[in-house]
Amino acid sequence: LSMVFSGEKDKKEIERIAIEVFRNLAKNSVELVNFPRINKENIDRFVRIENRNILDRAFANGRGIIILTAHFGNWELLALGLRAKYPGVTVGRKIYFKKYDEYLNKLRRVNDVNVIYRDSSPKAMLKILKDNQILGIVADQDVDSVGGVFVNFFGKRAYTPAGPVALARASGAPIIPAFIVRQKDDSHKLIIENPVELVDTGDKEKDAVVNTQRWSDIVESYIRKYPGQWVWMHRRWKTKARN
């Protein structure tokens, strides 16, 4: 926080944001264990979806939708909120502590929130899109085990997954950013953004960087607006660029 907001926020404000980060995560945990109490009938009490018409138009094209989000707000509740309205699968990582991984997936499956692990075959992900479903991707972290590119993130070069753009190119599915924002009363607003406009110059490597930068800029804009709702403890800039 001090690195990113140097010159913008004083120490007192940075400390306030840091406390808010952990407070949000604690609330996320309480909400997560209460997932069995949430269902299609009462989900609207907890999550209000804004701009659903964007999703409805995209579904009409029949090529599926890549929902791109971040470890922001209560991202698990985002998946549940969308699954209550639309068919889809979320791409996730396998948690190393097996018992917690099993417990988390059990909570997800209560409301039919299914997860495909990110090391699964790309064909499996493309099949989801071919079936005109949502493929949810949380792509805001530095993961050196997946293919990525370096883009500007808060003024610094950050290694960022290139998978969303590659899947969009292979399937024709739009990349639609979506973020769940915790409100003051602890309800949630799930905001659907317009599809990312992808460039196609024929140069795959350059296009991958430009297009990844475009969606990454949207992620950054939400974090700037609601800094207390992102997981700042992640080492976002751990991978160093070679040039």
Side-chain angles (χ1 to χ4, degrees), residues 24 27-93 104-118 120 124-140 163-164 167-168 171-196 215 218-219 221-222 225-226 229-230:
N24 180 68
K27 290 179 178 181
N28 286 358
S29 298
V30 173
E31 290 165 344
L32 182 61
V33 297
N34 279 285
F35 269 21
R37 299 183 181 184
I38 305 175
N39 52 54
K40 293 181 179 180
E41 284 67 41
N42 64 18
I43 185 66
D44 292 337
R45 288 170 45 197
F46 305 97
V47 180
R48 177 168 60 87
I49 302 179
E50 192 171 280
N51 302 328
R52 276 188 65 179
N53 59 305
I54 294 174
L55 291 180
D56 295 336
R57 285 199 303 267
F59 270 118
N61 292 327
R63 294 186 175 181
I65 297 171
I66 298 170
I67 287 289
L68 192 143
T69 191
H71 291 85
F72 180 94
N74 188 338
W75 59 93
E76 292 284 352
L77 193 56
L78 181 149
L80 193 157
L82 287 177
R83 186 66 188 91
K85 310 291 184 180
Y86 301 98
V89 175
T90 299
V91 178
R93 70 177 181 88
L104 181 57
N105 282 317
K106 180 181 178 180
L107 290 174
R108 289 165 171 162
R109 286 193 296 269
V110 167
N111 285 289
D112 202 25
V113 176
N114 295 307
V115 171
I116 181 173
Y117 290 121
R118 67 188 180 201
S120 299
M125 300 181 192
L126 290 171
K127 176 67 166 56
I128 293 165
L129 297 171
K130 186 178 180 181
D131 291 341
N132 200 25
Q133 298 186 50
I134 285 176
L135 183 67
I137 301 178
V138 187
D140 60 323
L167 288 167
S171 65
I175 296 176
I176 297 182
F179 302 89
I180 189 164
V181 182
R182 183 180 296 280
Q183 305 298 294
K184 290 183 179 180
D185 63 355
D186 286 322
S187 64
H188 301 263
K189 182 189 293 185
L190 202 171
I191 305 171
I192 309 297
E193 292 285 342
N194 286 314
V196 178
W215 67 249
I218 299 171
V219 172
S221 72
Y222 270 83
K225 190 173 182 179
Y226 308 100
Q229 300 201 32
W230 191 54

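- A donor-acceptor pair under 3.5 Å is absent between the side-chain atoms of Asn61 and the main chain of Arg63, judged by distance alone.
- Between Trp75 and Ala70, the shortest heavy-atom distance links the atoms CB-O, 3.6 Å.
- Within a 6.0 Å radius of NZ in Lys85, other residues, nucleotides and ligands contribute more than 12 heavy atoms.
- Proximity of a side-chain donor or acceptor of Ser120 to a complementary backbone N or O of Ile116 within less than 3.5 Å is not detected.
- In this structure, the side chain of Asp140 engages the main chain of His71 through a donor-acceptor pair within 3.5 Å.
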Exercise for review: Take Trp230 and Tyr222 through the side chain to side chain contact (heavy atoms under 4.5 Å, CB included) test and state the conclusion after the steps.
Suggested key: CA-CA 9 Å; Trp230 191 54; Tyr222 270 83; over 6 Å; no

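- With Leu167 as reference, Ile66 is the one residue of Ile128, Val91, Ile66 to meet the side chain to side chain contact (heavy atoms under 4.5 Å, CB included) rule.
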For residues 27-40, tabulate all N or O donor-acceptor pairs below 3.5 Å that involve a side-chain atom, not counting sequence neighbours.
from: Lys27; atom 1: NZ; to: Asp186; atom 2: OD1; distance (Å): 3.1
from: Lys27; atom 1: NZ; to: Asp186; atom 2: OD2; distance (Å): 3.3
from: Asn28; atom 1: OD1; to: Arg182; atom 2: NH2; distance (Å): 2.8
from: Asn28; atom 1: ND2; to: Gly73; atom 2: O; distance (Å): 2.9
from: Ser29; atom 1: OG; to: Leu25; atom 2: O; distance (Å): 3.2
from: Glu31; atom 1: OE1; to: Asn74; atom 2: ND2; distance (Å): 2.6
from: Glu31; atom 1: OE1; to: Arg182; atom 2: NH2; distance (Å): 3.0
from: Glu31; atom 1: OE2; to: Arg182; atom 2: NH1; distance (Å): 2.8
from: Glu31; atom 1: OE2; to: His188; atom 2: NE2; distance (Å): 3.0
from: Asn34; atom 1: OD1; to: Arg37; atom 2: NE; distance (Å): 3.4
from: Asn34; atom 1: ND2; to: Val30; atom 2: O; distance (Å): 2.8
from: Asn39; atom 1: OD1; to: Glu41; atom 2: N; distance (Å): 2.9
from: Asn39; atom 1: OD1; to: Asn42; atom 2: N; distance (Å): 3.1

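- Across every non-hydrogen atom of Ile192 and Ile54, the tightest pair is O-CD1, 3.6 Å.
- Gln183 contributes a side-chain N or O that, together with a main-chain N or O of Val181, makes up a donor-acceptor pair within less than 3.5 Å.
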Practice item. Step by step, work out the side chain to side chain contact (heavy atoms under 4.5 Å, CB included) result for Phe179 and Ile218. Key: CA-CA 10 Å; Phe179 302 89; Ile218 299 171; 3.8 Å; yes

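- Not one N or O on the side chain of Asn114 forms a donor-acceptor pair closer than 3.5 Å with the backbone of Gly88.
- Annotation: the span from Leu82 atom CG to Ile49 atom CD1 amounts to 5.5 Å, rounded to 0.5 Å.
- Heavy atoms only, all atoms of each residue included: Ala178 and Thr69 are closest at O-OG1, 2.7 Å.
- What you find for Val196 and Pro177 is that their closest heavy atoms are CG2-CG, 3.7 Å.
- In terms of heavy-atom proximity, Lys127 sits nearest to Asp131 at NZ-OD2, 2.7 Å.
- Tyr86 and Asp56 share a donor-acceptor pair across their side chains, judged by distance under 3.5 Å alone.
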Review point. Is there a side chain to side chain contact (heavy atoms under 4.5 Å, CB included) between Val89 and Ile134 once you walk through the steps?
Key: CA-CA 6 Å; Val89 175; Ile134 285 176; over 6 Å; no

